[in-house]
Amino acid sequence: MGFIQKWFGFNGWAALSAKESILATILYRVIFVVGLGVAIIAYSYISGGEDPSLFWISIVGLIWFIIFQFFVNLIFVNGS
């Protein structure tokens, strides 16, 4: 497993599905959506309170996705 796949791949979700219950999987997905909302609101606040364009919402979403994937892999793959 390469560095990128190990830390940012979908192996954490596979381990979560195999080890934990369905409720834990749903909880992690809800945490992702809530975190994405918080990230977009924080970006809007930091950028001066104006509505961000779709481009910047996509960039913030991609960054949040990478961070979240890192944490899921840290917990379920690399932490065990």
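Just so it is clear, the values below take in all heavy atoms, side chains as well, and ignore hydrogens, waters and symmetry mates. Quick note: residue numbers are just sequence positions, from 1.
One distance of note links CG of Leu27 with CD1 of Ile31; it measures 4.0 Å at 0.5 Å rounding. Between the OH atom in Tyr43 and the CD1 atom in Ile46 there is a gap of 9.5 Å [rounded to 0.5 Å].
Hydrophobic clustering (side-chain heavy atoms under 4.5 Å, transitive across Ile, Leu, Val, Met, Phe, Trp, Tyr) groups Val33 together with Phe70.
Exactly one of Phe71, Trp64, Phe65 qualifies for a ring-ring contact (aromatic ring centres under 6.0 Å, His included) with Phe68. That residue is Trp64.
For Ile40, the side-chain contact (heavy atoms from CB on, under 4.5 Å) test picks out Leu36, Ile57, Val60, with sequence neighbours left out.
No donor-acceptor distance shorter than 3.5 angstrom exists from the side chain of Ser44 to the backbone of Pro52, with no hydrogens or angles considered.
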